[in-house]
Amino acid sequence: MFAKSTKILVVDDSLSHRQLIFDGLKKLGFKNIITCENVNDAFSKLNVEFQGGDPFELVLSDLNMPGLSGLDFLKLVRETDKFITLPFLL
């Protein structure tokens with residue numbers, strides 16, 4: 001479904017979970033994976049990469065995080081026109 005070159009953003013407050021997901025994606029052959037530990041950093045990275053012309057093509061996010069949750073992040077992404085069709089797995 002997704003090419004191995006897909007640019008993926010992984011968001012999780014747990015370092016061990018981020019590393020586990022990162023390693024699993026690498027084993028599956030994905031090469032372009034960026035990780036963030038919170039929603040604020042993740043949304044900032046989404047915007048920076050979009051403005052730089054190399055947008056993310058998939059977001060994998062934890063649901064339960066301190067501060068803004070994964071559901072808050074999904075709502076924020078869907079409320080932003082440029083990200084409205086971005087595949088997002090929560």
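All heavy atoms count here, side chains included; hydrogens, waters and symmetry mates do not. These numbers come from a predicted model, not from an experiment.
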Roughly how far, to the nearest 0.5 Å, is NZ of K4 from CG of N32? 13.5 Å
Within-4.5 Å side-chain heavy-atom neighbours: L46 and L86: yes
Run the numbers on M65 and V11 for side chain to side chain contact (heavy atoms under 4.5 Å, CB included), then give the verdict. CA-CA 9 Å; M65 293 184 281; V11 187; 4.0 Å; yes
Transitively linked via ILVMFWY side-chain contacts under 4.5 Å: F22 with L28? yes
Spatial distance of atom OG (S14) from atom CG (N64) [nearest 0.5 Å]: 12.0 Å
Start with the C-alpha gap between N38 and D13, add the side-chain angles, then the distance that decides, and say whether side chain to side chain contact (heavy atoms under 4.5 Å, CB included) holds. CA-CA 6 Å; N38 63 57; D13 59 306; over 6 Å; no
Do F50 and T80 come within less than 4.5 Å of each other through their side chains, counting heavy atoms only? no
Count I, L, V, M, F, W, Y as connected when their side-chain heavy atoms are under 4.5 Å apart, and connections chain through other members. Are I34 and L90 then in the same cluster? yes
L60 and F88: same hydrophobic cluster, using ILVMFWY side-chain contacts below 4.5 Å? no
Of the non-hydrogen atoms in R18 and T35, which two are nearest, and what is the gap between them? CD-CB, 3.9 Å
To the nearest 0.5 Å, what is the distance between CG (L20) and CG (D12)? 9.5 Å
Atom NZ of K27 with >12 non-hydrogen neighbours under 6.0 angstrom: no
Any luck finding a side-chain donor-acceptor pair between S44 and N47 under 3.5 Å? no
Please round to the nearest 0.5 Å and tell me the distance separating atom NZ of K26 and atom CD1 of I21. 14.5 Å
Counting only heavy atoms from other residues, nucleotides and ligands, does the tally under 6.0 Å from NZ of K7 exceed 12? yes
Would you check if L25 and I8 make a side-chain contact, meaning some heavy-atom pair closer than 4.5 Å? yes
Is any side-chain heavy atom of E49 closer than 4.5 Å to one of L9? no
Could you check whether any side-chain heavy atom of L71 comes within less than 4.5 Å of a side-chain heavy atom of L63, counting everything from C-beta outward? yes
Are V59 and F73 packed together at the side-chain level, in the sense that at least one heavy-atom pair is separated by less than 4.5 angstrom? yes
Which atoms form the tightest heavy-atom contact between E57 and P87, and what is the distance? O-CD, 3.3 Å
With hydrophobic residues grouped by side-chain heavy-atom distances under 4.5 Å, do V48 and V39 end up in a single group? no
